[in-house]
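Written out below as structure tokens is the structure these notes cover.
Naming convention: chains lettered A, B, ... in sequence-line order (proteins, then strands); numbering from 1 in each chain.
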Protein chains: 2
Amino acid sequence: MITRRTQQRHAIRATFENAGRPLGPHEILNIARDVVPGLGIATVYRTLKKLVSDGELQVVELPGAPSRYELAGLAHHHHFHCRDCDRVFDVEGCPEQVTDYAPPGFRTEEHAVVLYGRCSACATG
Amino acid sequence: MITRRTQQRHAIRATFENAGRPLGPHEILNIARDVVPGLGIATVYRTLKKLVSDGELQVVELPGAPSRYELAGLAHHHHFHCRDCDRVFDVEGCPEQVTDYAPPGFRTEEHAVVLYGRCSACATG
DNA sequence: GCGGTATCGAGAATTCAATATCACTAAGGG
DNA sequence: CCCTTAGTGATATTGAATTCTCGATACCGC
């Protein structure tokens, strides 16, 4: 099964490289359609799935919201979810001692921090 | 619209008071059925909705998982999600400075921390 | 260029949490 | 105890995200 280099896949990859933040399927669709007008949502999902299983992208799950996707291999970071525009942004820095908060006997393997509020664009308006 | 005191509603309330941790609809169903054998999932959802709008319960949203519910009015805290048994537990303590991590210009209003790993029961086995 | 086939696009289908429907049950005031 | 009706249980339905189907398209090795 040879992997071909299609416009669609290229446009989706480029979308992530330009965005610099996690993107949802419909965000990707809207942005990548500027490059590939006929792009369909099925192709977006198909491509996301492939890029994730190829290790190029990572799934970003958030409370009460559909998954976002971001480039794999980024340094450990967390996320900011804007309540106005629903966009998600990366947040640098990490309260590493959070793992100590687990009750006695619990084995903590990972953690996630999500901030909620208004992004700079929405806080201004 | 008079509110009646039914066995079902009482059993569901008692379930939360005994659990001491956030519960999902099916967890509630299973536990409360020990008291009210015929209990149906529709009643669980109906009752949860009512108790939330009455301010008795709060919704706990978690990444990539159906909502849990917990008693309202608890002190600020966070959550631990066990990857083995899928149960959620409360975690005391809070890295308050996390809100400072937001990028410049962002207005942070709230935050959530979720720990992942094995709860004490699952870590032992 | 040609051909084989990976990939695409549109729409149908699936999944699963959550809600609605409706005939039946039972809480509780009189 | 009786009657009204809030509440219940089983099941159908919804809604949103995601996946599948299938005929059409376009990579790319030859």
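OP1 or OP2 of C:dA18 lies within a sub-4.0 Å distance of a side-chain N or O belonging to B:Y45. One finds no side-chain N or O of A:Q7 lying less than 4.0 angstrom from the OP1 or OP2 phosphate oxygen of C:dC8. Phosphate contact (OP1/OP2 of D:dA26, side-chain N/O of A:T6, threshold under 4.0 Å): absent.
Distance from the side chain of A:K49 is smallest for D:dC20 among the nucleotides C:dA17, D:dT11, D:dC20. The side chain of A:Q8 approaches C:dG9 more closely than any other nucleotide in the set D:dT19, D:dT8, C:dG9. Closest contact between the side chain of B:R46 and the listed nucleotides C:dA10, D:dA10, C:dT19 involves D:dA10.
For A:H79 and A:E61, the side-chain atoms include no donor-acceptor pair closer than 3.5 Å. Side-chain contact check for A:T6 and A:R9: no donor-acceptor pair (N or O, by modelled atom type) lies under 3.5 Å. Between the side chains of B:H77 and B:E70, at least one donor N or O sits under 3.5 Å from an acceptor N or O.
Computed from coordinates, the A:I12 CD1 to C:dC8 P distance equals 7 Å when rounded to whole Å. Between B:L39 atom CG and D:dG7 atom P the separation is 15 Å, expressed in whole Å. The nearest whole Å value for the distance from the CG atom in B:L51 to the P atom in D:dG7 is 11 Å. Put simply, CZ on B:R33 is 14 Å from P on D:dT8, counting in whole angstrom units. One atom, NE2 of A:H10, and another, C1' of D:dC28, lie 17 Å apart when rounded to the nearest Å. Computed from coordinates, the A:L48 CG to D:dC20 C1' distance equals 16 Å when rounded to whole Å.
Residue B:R5 places no side-chain atom within donor-acceptor reach of the base of D:dG7, judged by atom type and a 3.5 Å distance cut-off alone.
Where B:T47 and A:P25 meet DNA chain D, the nucleotide closest to each residue was compared, and B:T47 sits on the side nearer the 5' end. Residues A:A42 and B:A42 both approach DNA chain C. Their nearest nucleotides, taken by heavy-atom distance, put A:A42 toward the 5′ side.
Ring-centre distance between B:F89 and A:F106: below the 6.0 Å cut-off.
Residue-level contact check: A:I41 touches neither bases nor backbone, having no heavy atom under 4.0 Å from any strand.
With A:R107 contributing its side chain and B:G117 its backbone, the two residues share no donor-acceptor pair below 3.5 Å. B:T124 places a side-chain N or O within donor-acceptor distance of the main-chain N or O of B:S120, the cut-off being under 3.5 Å.
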Nucleotides 4-6 of chain C: which of its N/O atoms have a protein N/O under 3.5 Å away?
from: C:dG4; atom 1: N2; to: A:R4; atom 2: NH2; distance (Å): 2.8
from: C:dT5; atom 1: O2; to: A:R4; atom 2: NH1; distance (Å): 3.0
from: C:dT5; atom 1: O2; to: A:R4; atom 2: NH2; distance (Å): 2.8
from: C:dA6; atom 1: O4'; to: A:R4; atom 2: NE; distance (Å): 3.3
from: C:dA6; atom 1: O4'; to: A:R4; atom 2: NH2; distance (Å): 3.4
from: C:dA6; atom 1: O3'; to: A:I2; atom 2: O; distance (Å): 3.0
from: C:dA6; atom 1: N3; to: A:R4; atom 2: NH1; distance (Å): 2.8

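Taking the six-membered ring for Trp and thresholds of 30 and 60 degrees, B:H78 and B:H111 have ring planes inclined between 30 and 60 degrees apart.
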